[in-house]
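For reference, the structure discussed in these notes is given below.
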There are 2 protein chains.
Amino acid sequence: MDLDERKQIILKAIIKTYLETGEPVGSRTISKYTDLNLSSATIRNEMADLEEMGYILQPHTSAGRIPSDKGYRLYVDELIREKDQEVLDIKEMVITKTDRLEKMLKQVVKVLASNTNYASMITAPTIHRNALKFIQLSKVREDQLLAVVVVEGNLLKNKIIELNEPIDEESVLKLNLLLNNELCGKPIGEINLDMITKMKLQAGMHSQIVGSVVDAVAETIKPDEEDRAVYTSGANNIFRYPELADTQTASELISTFENKSELADMLGEFQDDDEESTGIQVYIGDETSVKTMKDCSVVTANYDLGNGMRGTIGIIGPKRMDYANVVDNLKTLKTQLDSVFNEKGK
Amino acid sequence: MDLDERKQIILKAIIKTYLETGEPVGSRTISKYTDLNLSSATIRNEMADLEEMGYILQPHTSAGRIPSDKGYRLYVDELIREKDQEVLDIKEMVITKTDRLEKMLKQVVKVLASNTNYASMITAPTIHRNALKFIQLSKVREDQLLAVVVVEGNLLKNKIIELNEPIDEESVLKLNLLLNNELCGKPIGEINLDMITKMKLQAGMHSQIVGSVVDAVAETIKPDEEDRAVYTSGANNIFRYPELADTQTASELISTFENKSELADMLGEFQDDDEESTGIQVYIGDETSVKTMKDCSVVTANYDLGNGMRGTIGIIGPKRMDYANVVDNLKTLKTQLDSVFNEKGK
DNA sequence: TATTAGCACTCCAAAGAGTCGAGTGCTAAC
DNA sequence: GTTAGCACTCGACTCTTTGGAGTGCTAATA
């Protein structure tokens with residue numbers, strides 16, 4: 001059988017209607033719905049075909065039809081192709097520049113949640129190819145050093161280093177010089193064991209400190225493996241959609257949404273970015289591999305703040321989701337995020 | 001009428017049973033329940049009295065009785081008095097010392113949630129009387145300084161200061177000296193306008209920087225007024241309790257729970273600490289002033305890490321809550337938190 | 001006088017019966 | 001190929017029935 005144009009129109013009509021109402025769509029509704037003046041009986045025949053092809057399904061005999069995952073997929077693919085051509089008029093979602101990356105991310109995810117009415121999340125960017133900008137060791141106490149590591153993009157990491165023995169100011173100065181000379185300007189990925197060993201040699205009795213500083217650098221680029229930074233907002237939005245609001249489902253979703261590391265893993269998987277063109281990915285039902293989300297769709301976009309700091313922003317909602325609006329919002333936010341550092345030169 | 005001993009025993013039995021089952025308790029249940037061998041009829045008479053006195057109520061005629069807020073209050077007060085005398089055997093809830101305060105708080109709140117099966121939260125400590133320990137300005141770029149402020153207890157704050165004009169290394173050194181001389185060792189509360197003006201004078205053309213550093217200090221002690229750090233865990237636990245799990249209530253609670261600033265406000269109110277003895281406070285129903293929580297009880301404890309860093313830890317659950325267990329857990333965690341810095345001398 | 005047995009009464013929850021209507025598939029006619 | 005028409009299906013809703021848990025009251029009992 002062939003998915004001819006008329007079938008496509010009908011399918012699209014079914015999906016659109018279902019997105020709005022959340023109720024199974026009957027043949028009569030479609031027959032009244034649209035330009036193609038067909039009787040409900042004809043529609044019924046076509047619907048039977050569409051069902052056979054797997055694009056729609058019937059919750060029970062004598063109910064209307066609802067889209068299957070396959071149906072959604074077709075619809076979404078089409079939608080994204082269209083959006084791709086559209087010139088995006090950037091709505092003014094104000095991303096004020098704050099010096100704290102964290103605040104900005106929290107703000108962005110709040111905006112997304114309130115614009116879309118879906119549960120939203122964003123991962124803090126991970127660093128891919130940034131250069132070290134600056135290292136500062138300071139003596140805080142006789143046997144305690146504070147290490148501050150600054151990476152391009154003004155990402156900071158502090159570490160308190162406990163020493164086995166006291167250290168004098170002069171040695172601290174020397175270490176500072178040594179570390180900055182050797183490491184500054186180097187992309188983090190290029191720091192290797194050779195360099196570390198060389199520095200440790202030069203540091204002499206203070207080689208322990210070099211090790212600790214390198215650890216701090218490592219931590220900077222690999223933030224909290226176990227507990228990766230993901231910010232969320234609008235979890236309660238899932239209660240807007242009856243199909244997710246029953247106790248069982250809601251509980252599972254809230255739980256998943258609270259478990260940042262699971263979210264991070266999920267969003268991490270999406271980083272591959274197949275569709276280079278827009279960077280928007282849509283995962284319908286089981287496509288996410290997180291089983292609590294089998295009744296959900298997840299839409300994500302990867303952003304790149306510049307300087308190789310990349311993260312993912314996305315929403316979770318019911319399968320009958322206002323995909324068009326979500327894609328718009330994500331594209332806009334992505335565009336803005338992409339230009340945060342680039343344009344402002346911050 | 002008088003709340004004699006027998007009435008008290010019956011009331012306690014009713015509450016205990018209700019805490020376990022969540023269903024109205026009938027006279028027959030109590031009659032079988034306990035030592036006082038009384039027939040259900042007698043119990044019924046007593047129940048009628050208890051109802052008249054306001055300790056219990058009937059959801060509808062011909063249903064059993066459930067505790068009223070007044071009843072809970074009596075029960076809880078009693079409980080806390082008992083617990084107060086008990087020598088608390090500290091279960092080994094491992095609070096591993098991590099150098100990152102944040103991680104520790106997240107861990108603690110997770111422990112609490114999983115031990116109690118209630119939604120849990122903890123506020124990051126606010127600083128009350130800490131002394132400044134260390135200030136470090138570093139030149140990151142020609143027109144950019146990095147300020148690091150360390151407060152007793154190794155709390156850190158970074159701030160990037162954008163300059164209007166370039167600055168030379170020597171000036172940075174001078175500023176460092178000036179700031180450390182003037183401010184180090186001083187309790188933050190004591191830094192006043194006089195001192196700031198004086199420093200600005202001495203800094204001459206770089207007075208702008210002094211201002212920025214002072215700002216950073218201020219930020220350190222007043223972390224994100226608008227968006228205070230509160231960590232939560234176990235939000236999905238509310239679904240365990242049918243009386244909170246209906247869509248409406250759950251949605252509101254999740255929403256409240258996500259709104260950190262509202263939580264912070266609420267927990268902040270509890271800081272007064274009336275009951276110095278244990279520091280455990282229980283708020284039943286409307287006692288919290290947060291209207292979404294009218295069907296909940298909130299139990300909190302204030303902790304003091306030492307160094308005047310105080311915060312609040314607490315749980316939210318249904319009124320029929322296992323108060324005994326919750327109080328135990330809170331007391332244990334409070335004790336551990338109180339000794340984190342003191343004992344380890346960290 | 002306090003306690004208890006017994007009884008009539010209340011009311012909710014669950015189960016069952018009936019109705020409605022939206023929607024279908026199929027057939028025959030256009 | 002399209003459509004009108006019809007019998008059929010099935011969930012949603014309403015109404016009723018039933019059972020049981022629980023009560024309050026009264027009269028008998030210790």
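Order of the sequence lines sets the chain letters (A, B, ...), proteins ahead of strands, with each chain counted from 1.
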Nearest heavy-atom pair of A/G317 and A/L244: which atoms, and what distance? C-CD1, 4.1 Å
Could you tabulate the donor-acceptor pairs under 3.5 Å formed by side-chain atoms of residues 50-61 of chain B, not counting sequence neighbours?
residue : atom : partner : partner atom : Å
B/E51   : OE1  : B/R65   : NE           : 2.8
B/E51   : OE1  : B/R65   : NH2          : 2.9
B/Q58   : NE2  : B/A63   : O            : 3.1

Applying ring-ring contact (aromatic ring centres under 6.0 Å, His included) to B/Y118 and not counting sequence neighbours gives B/Y241
Atom-to-atom span, CD1 of A/I43 to P of D/dT2 - whole angstrom: 10 Å
Under the side-chain hydrogen bond (donor to acceptor under 3.5 Å, both in side chains) test, which residues partner A/T42, sequence neighbours left out? A/S39
Tell me, which pairs form a salt bridge (Lys or Arg N to Asp or Glu O under 4.0 Å) where one or both residues lie in residues 237-246 of chain B, sequence neighbours left out? B/E243-B/R320
What is the distance, to the nearest angstrom, from the OH atom on B/Y18 to the P atom on D/dG22? 14 Å
Among all residues two or more places apart in sequence or in another chain, which pass the salt bridge (Lys or Arg N to Asp or Glu O under 4.0 Å) test with A/R6? A/E46
Residues in salt bridge (Lys or Arg N to Asp or Glu O under 4.0 Å) with B/E262, at least two apart? none
Who pairs with A/E252 by salt bridge (Lys or Arg N to Asp or Glu O under 4.0 Å), at least two apart in sequence or on another chain? none
In residues 7-14 of chain B, what residues come within less than 4.0 Å of DNA chain D, judged by heavy atoms? none
Roughly how many Å is it from NE2 in A/H60 to P in D/dA12, rounded to a whole number? 6 Å
Tell me the side-chain hydrogen bond (donor to acceptor under 3.5 Å, both in side chains) pairs involving residues 14-28 of chain A, sequence neighbours left out? A/S27-A/R44
Any idea which heavy atoms bring A/L3 and A/Q8 closest together, and the distance? O-NE2, 3.5 Å
Is the distance from OP1 or OP2 of C/dT3 to the nearest side-chain N or O of B/R6 less than 4.0 Å? yes
Who pairs with B/E258 by salt bridge (Lys or Arg N to Asp or Glu O under 4.0 Å), at least two apart in sequence or on another chain? none
Taking OP1 and OP2 of C/dT4, is either one under 4.0 Å from a side-chain nitrogen or oxygen of B/T42? yes
For nucleotides 23-30 of chain C, give me one character per nucleotide, 5' to 3': B if any protein heavy atom sits under 4.0 Å from the base, S if the only such contacts are to the sugar-phosphate, - if neither. SBBB----
Could you tell me how far apart A/D2 (CG) and D/dG1 (C1') are, to the nearest whole angstrom? 16 Å
Over the length of the helix from C/dT1-D/dA30 to C/dC30-D/dG1, how much do the five-pair end axes diverge, rounded to 10 degrees? 20°
For B/D49 and C/dT3, what is the distance between atoms CG and P respectively, to the nearest whole Å? 11 Å
